[in-house]
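Chain naming here is simple, since letters A, B, ... match the order of the sequence lines and numbering starts at 1 in each. Remember, predicted model here, so these are calculated numbers, not experimental data.
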2 protein chains.
Amino acid sequence: MLSSACQDTIRAAVWLSTKPQDEYHHIQAISEALNLPYHFLAKSLQTLVRCNILVSRRGANGGVKLAKASSDITLISLIDAVDGSTFFDACILGIGDCEDEKPCALHAQWEKWRTEMHEMYCAMRLDEITDDVLLRKIKRL
Amino acid sequence: MLSSACQDTIRAAVWLSTKPQDEYHHIQAISEALNLPYHFLAKSLQTLVRCNILVSRRGANGGVKLAKASSDITLISLIDAVDGSTFFDACILGIGDCEDEKPCALHAQWEKWRTEMHEMYCAMRLDEITDDVLLRKIKRL
DNA sequence: ATTATTTAAGATTTTTTAATCTTAAATAGG
DNA sequence: CCTATTTAAGATTAAAAAATCTTAAATAAT
């Protein structure tokens, strides 16, 4: 559903949202805390920086931090940034042209779920994902 | 959501369901009709044969046919056969242990959709997918 | 029986995704 | 200014998924 790069960035963003917003944190530290591959994570986070979701600073005492309050960061913005917005477009059976006039047998139902999912991702913000329980679970296993 | 091998087998099964059930059809013919890679398709269809969803015959005038009426073949049986049954188990965020006592913020909603999807795949049978409209659309693009 | 045909099965190659490595650029602190 | 540190960026490698190739086994027709 979501690429592992995308899941990693969500984990990292959730982790960052539990820290004071003005604090820079080393990508290395995030990578270790969540057991995510450093260079792979760094690459995804760079994408978030370019999308103005994160702010980064190079050099000693550098790192990354959220560019805005966690309550202003939607899940869909992370997904769009890393995976692109083409995830909710495909037919559930992989059959082409399902969007057009004549749908496949599953189309109407899938369309309904797809819309609901998209709305959920749009509505859900980082601060809603974050709680003590989740924090014990966002590490990669 | 579904692997391309799985989508291919669904396409092929739908195509077969439009033919007389006792007719053998060459995998080559299916591959050409639906624009699916021959050897890749053949491999997936062999899986269906082993699961007794298809019957095959080697040699001249050989081919494959449905092992039972298309109204007795559920979508979930194809998916389980090709992709295995682990597709509906994962957390939507990729966070581990989401099944257990303490779920992630999206868990309850995702669980609901997942259950509904699974039920839809269980209920949907080949003959329901097949109609004139769909047949014009099941070719790979 | 022999031959052409076709599925079966495993090996190989290609493509995509994931992960790592290397070097450059920037920054803070001494 | 110099150095250690850290992100940035592109190259490389590894792993997984998709696709192809090759050979074997089975079958029908001649």
**Student:** Rounded to whole angstroms, how far apart are CD on Gln28(B) and P on dT20(D)?
**Tutor:**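 Rounded to whole Å, this separation is 12 Å.
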
**Student:** Gln46(B) side chain: which of dT20(C), dA18(D), dA9(C) is closest?
**Tutor:**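 Looking only at side-chain atoms, Gln46(B) lies closest to dA9(C).
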
**Student:** Run the side-chain contact (heavy atoms from CB on, under 4.5 Å) test on Tyr38(B) and Ile27(B) for me, step by step, so that the C-alpha distance in whole Å, both residues' side-chain angles and the decisive distance to 0.1 Å come before the verdict.
**Tutor:** CA-CA 7 Å; Tyr38(B) 170 72; Ile27(B) 296 174; 3.6 Å; yes

**Student:** Give me the distances for all protein-to-nucleotides 28-30 of chain D N/O pairs that come in under 3.5 Å?
**Tutor:**
| unit_1 | atom_1 | unit_2 | atom_2 | d |
| --- | --- | --- | --- | --- |
| dA28(D) | O3' | Asn61(B) | ND2 | 3.3 |

**Student:** Can you tell which of Ile30(A), Leu45(A), Leu36(A) makes a side-chain contact (heavy atoms from CB on, under 4.5 Å) with Asp8(A)?
**Tutor:**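 Only one option passes, and that is Leu36(A).
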
**Student:** Let me confirm one number: the OG-CG distance from Ser4(A) to Leu41(A), rounded to the nearest 0.5 Å.
**Tutor:**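 Reported to 0.5 Å precision, the distance equals 11.0 Å.
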
**Student:** Assign His39(B) to base, sugar-phosphate, or nothing according to its heavy-atom contacts below 4.0 angstrom with the strands shown.
**Tutor:**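 Counting heavy atoms under 4.0 Å across all strands, the contact made by His39(B) includes a base.
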
**Student:** For dA8(C) and Ser56(B) - does any side-chain N or O of the residue sit under 4.0 Å from the phosphate oxygens OP1/OP2?
**Tutor:**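 Looking at the OP1 and OP2 atoms of dA8(C), one of them is under 4.0 Å from a side-chain N or O of Ser56(B).
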
**Student:** Is there a donor-acceptor contact under 3.5 Å linking the side chains of Ser3(A) and Asp83(A)?
**Tutor:**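 Yes - a donor-acceptor pair under 3.5 Å links their side chains.
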
**Student:** What's the CD1-C1' distance between Ile27(A) and dT5(D), to the nearest Å?
**Tutor:**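 Distance check: Ile27(A) CD1 to dT5(D) C1' gives 13 Å.
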
**Student:** In whole angstrom, give the distance that lies between atom NZ of Lys65(A) and atom P of dT27(C).
**Tutor:**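 Those two atoms, NZ and P, are 14 Å apart.
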
**Student:** dA18(C) phosphate, OP1 or OP2: any side-chain N/O from Ser44(A) under 4.0 angstrom?
**Tutor:**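 Result: no.
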
**Student:** Check the distance between dA18(C)'s P and Tyr38(A)'s OH and give it to me in whole angstrom.
**Tutor:**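 Answer to the nearest Å: 20 Å.
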
**Student:** Once you round it to whole Å, what is the distance between P of dA9(D) and CZ of Phe40(A)?
**Tutor:**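 Roughly 17 Å, once rounded to whole Å.
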
**Student:** Would you please test Leu54(A) and Leu66(A) for side-chain contact (heavy atoms from CB on, under 4.5 Å) and show each step?
**Tutor:** CA-CA 5 Å; Leu54(A) 295 185; Leu66(A) 298 182; 3.6 Å; yes

**Student:** Expressed in angstrom and rounded to an integer, what is the separation of Lys43(A) atom NZ from dA11(D) atom P?
**Tutor:**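 Answer to the nearest Å: 11 Å.
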
**Student:** Given atom OH of Tyr24(A) and atom C1' of dG29(C), what is their separation to the nearest angstrom?
**Tutor:**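 Nearest whole value for this atom pair: 17 Å.
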
**Student:** If you round to the nearest 0.5 Å, how far is CD1 of Ile73(A) from CD1 of Ile10(A)?
**Tutor:**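 If I round to the nearest 0.5 Å, the distance is 12.0 Å.
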
**Student:** Among Lys19(A), His25(A), Gln21(A), find the one that has a side-chain hydrogen bond (donor to acceptor under 3.5 Å, both in side chains) with Glu23(A).
**Tutor:**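 Option passing the side-chain hydrogen bond (donor to acceptor under 3.5 Å, both in side chains) with Glu23(A): His25(A).
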
**Student:** Starting at CG of Leu45(A) and ending at P of dA18(C), how long is that distance when rounded to a whole Å?
**Tutor:**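 After rounding, the gap between these two atoms is 15 Å.
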
